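Down below is the structure, laid out as structure tokens.
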Amino acid sequence: MPPQANRGDVQVFAGPRVTVLIAAWNEAERIGETLRALAALTANITQILVVDDGSTDSTVEVARASGATRVISIRHAGKGAALMAGIPLIDEDTALLLDADLGKSVAAVAELLRPIEAGEADLAIAILPGSGGPRRGRGMVVRLARWGIRRLTGFTAVAPLSGQRAIRRCMLPERLPRGWGVEVAATIDALRRGARVVEVEADFTHRVTGNSVAGWRHRARQFVDVSVAVGLAALPRRRRSRGANKQ
């Protein structure tokens with residue numbers, strides 16, 4: 001781990017200055033705890049950006065009250081669109097892309113940042129506990145995502161759908177599909193641009209989609225979005241750009 005010191009209950013990690021970007025949609029119940037834990041973690045996080053993807057709850061108000069440096073709202077268009085709205089606002093050479101529902105487990109960013117700090121990687125992707133195999137019906141989506149990344153880049157991902165990432169700003173994508181295929185598209189983009197990509201075991205925990213009707217509906221949409229992301233990435237560059245803009 002990076003060198004650390006304690007100041008009361010606050011852990012301070014040595015390392016590069018970091019901007020955090022969180023895309024959030026209807027996360028009022030959990031984003032507050034995540035942001036408060038993040039703000040208490042490290043003095044090197046200079047900016048916490050939250051992009052609200054058209055939430056219908058109080059996500060925006062909770063984020064503003066819980067330590068976000070900047071909160072912007074867009075019309076509901078999907079996670080990819082929210083990330084693309086925030087990426088131009090990143091002002092440090094290292095960025096953390098995180099989910100809104102990590103709570104106190106956000107402290108695991110220390111492990112995620114380590115290969116970036118050591119100059120060993122340009123993109124570090126978190127392997128969450130249980131990511132190595134199917135989980136609550138997600139196996140088919142994971143297999144599709146893993147196959148698509150390997151087919152187009154040669155890289156075999158353990159956690160192809162992980163949204164917890166540390167990345168050098170120069171490797172941030174210039175465009176992304178709007179929906180749930182965003183992680184697959186971002187990984188393919190980084191690898192094609194020559195990024196050194198590693199996966200890191202990190203003890204993040206967040207809400208898992210269950211076996212309810214809503215959960216299966218989400219996974220079906222995720223399967224479609226990952227399929228679209230892989231399909232777009234397989235197109236020639238010019239056609240790929242037009243397709244991404246339509247998503």
Side-chain angles (χ1 to χ4, degrees), residues 21 23 78-84 87 94-99 108 111-116 120-202 204 206 208-209 218-247:
L21 173 58
K79 184 177 183 179
L83 289 175
M84 288 310 302
I87 283 174
T94 301
L96 280 167
L97 310 183
L98 302 173
D99 289 340
E111 292 299 319
L112 195 55
L113 284 168
R114 182 168 57 180
I116 306 293
E120 299 169 352
D122 305 302
L123 169 60
I125 303 170
I127 303 173
L128 277 64
S131 294
R135 185 179 60 194
R136 296 197 182 186
R138 296 181 69 203
M140 187 165 59
V141 184
V142 171
R143 286 193 294 272
L144 172 64
R146 188 175 292 139
W147 173 85
I149 294 170
R150 183 174 61 245
R151 175 81 170 128
L152 295 174
T153 69
F155 180 82
T156 300
V158 175
L161 301 177
S162 175
Q164 321 320 318
R165 296 169 176 236
I167 185 169
R168 295 177 61 213
R169 184 169 59 171
C170 62
M171 287 298 174
L172 286 164
E174 296 179 357
R175 59 179 60 85
L176 287 170
R178 294 184 177 186
W180 296 108
V182 58
E183 285 85 13
V184 173
T187 300
I188 293 171
D189 176 80
L191 286 163
R192 281 177 162 172
R193 292 163 61 195
R196 297 166 298 165
V197 178
V198 299
E199 293 183 290
V200 179
E201 291 187 0
F204 291 111
H206 64 151
V208 176
T209 304
H218 169 76
R219 283 189 287 275
R221 179 60 183 169
Q222 192 177 34
F223 186 89
V224 171
D225 287 351
V226 169
S227 299
V228 170
V230 171
L232 286 173
L235 292 174
R237 184 176 178 84
R238 184 177 300 177
R239 292 177 62 192
R240 190 189 317 152
S241 298
R242 288 203 299 266
N245 292 335
K246 291 178 181 178
Q247 285 296 303

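The structure displayed is predicted, hence computed values, not measured ones.
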Counting distance only, does the side-chain N/O of D225 pair as donor-acceptor with the main-chain N or O of G179 below 3.5 Å?
no
Quick one: are I167 and T94 in side-chain contact, heavy atoms under 4.5 Å?
no
Approximate separation, where rounding is to 0.5 Å, of L172 CG and L97 CG
6.5 Å
Output the distance between atom CH2 (W147) and atom CG (L152), rounded to the nearest 0.5 Å.
7.0 Å
Between the side chain of E199 and the main-chain N/O of V158, is any donor-acceptor distance below 3.5 Å?
yes
Under the side chain to side chain donor-acceptor pair (under 3.5 Å) rule, collect the residues that match up with R169, sequence neighbours excluded.
D93
Passes side chain to side chain contact (heavy atoms under 4.5 Å, CB included), L83 versus L21? Steps please.
CA-CA 8 Å; L83 289 175; L21 173 58; 3.9 Å; yes
Side-chain (R193) to main-chain (C170) donor-acceptor, under 3.5 angstrom
yes
Any donor-acceptor pair under 3.5 Å from R178 side chain to A82 backbone:
no
To the nearest 0.5 Å, atom CD1 of I188 lies from atom CD of E183 at 12.0 Å
Strictly distance-based, threshold 3.5 Å: is any side-chain N or O of T153 a donor or acceptor partner for the main-chain N or O of L191?
no
For R150, salt bridge (Lys or Arg N to Asp or Glu O under 4.0 Å) partners two or more places apart:
none
Closest heavy-atom pair, L161 versus A145, reported as atoms and distance to 0.1 Å, is CD2-CB, 3.7 Å
Sole candidate of V226, L144, V141 that passes side chain to side chain contact (heavy atoms under 4.5 Å, CB included) when paired with V184:
V226
Could you report the tightest heavy-atom contact between L128 and S162, atom names first, then the distance?
CD1-OG, 3.9 Å
Closest non-hydrogen atom pair between I116 and A124, with its separation:
CD1-N, 4.1 Å
Search all heavy atoms of V200 against all heavy atoms of P115 and return the closest pair with its distance.
CG2-CG, 3.9 Å
Compare every heavy atom of L98 with every heavy atom of Q164, then report the nearest pair and how far apart it is.
OE1-CA, 3.4 Å
Heavy-atom side-chain contact between L112 and L96 under 4.5 Å
yes
Side chain to side chain, T187 and P160, heavy atoms closer than 4.5 Å
no
Measuring from I127:CD1 to F204:CZ, what's the distance to the nearest 0.5 Å?
12.0 Å
Answer yes or no: is there an ion pair linking E120 with R114, defined by an N-O contact shorter than 4.0 Å?
no
Between G80 and V182 the two heavy atoms that sit nearest each other are CA-CG2, 3.8 Å
Atom CZ of R165 and atom CG of D99: how far apart are they, to the nearest 0.5 Å?
10.0 Å
Given 3.5 Å as the limit, does a donor-acceptor pair link the side chain of R192 with the main chain of A233, or not?
yes
Output for pair (M84 CE, R175 CZ), nearest 0.5 Å, gives 8.0 Å
Please lay out, stage by stage, how M171 and L123 fare under the test side chain to side chain contact (heavy atoms under 4.5 Å, CB included).
CA-CA 8 Å; M171 287 298 174; L123 169 60; 5.8 Å; no
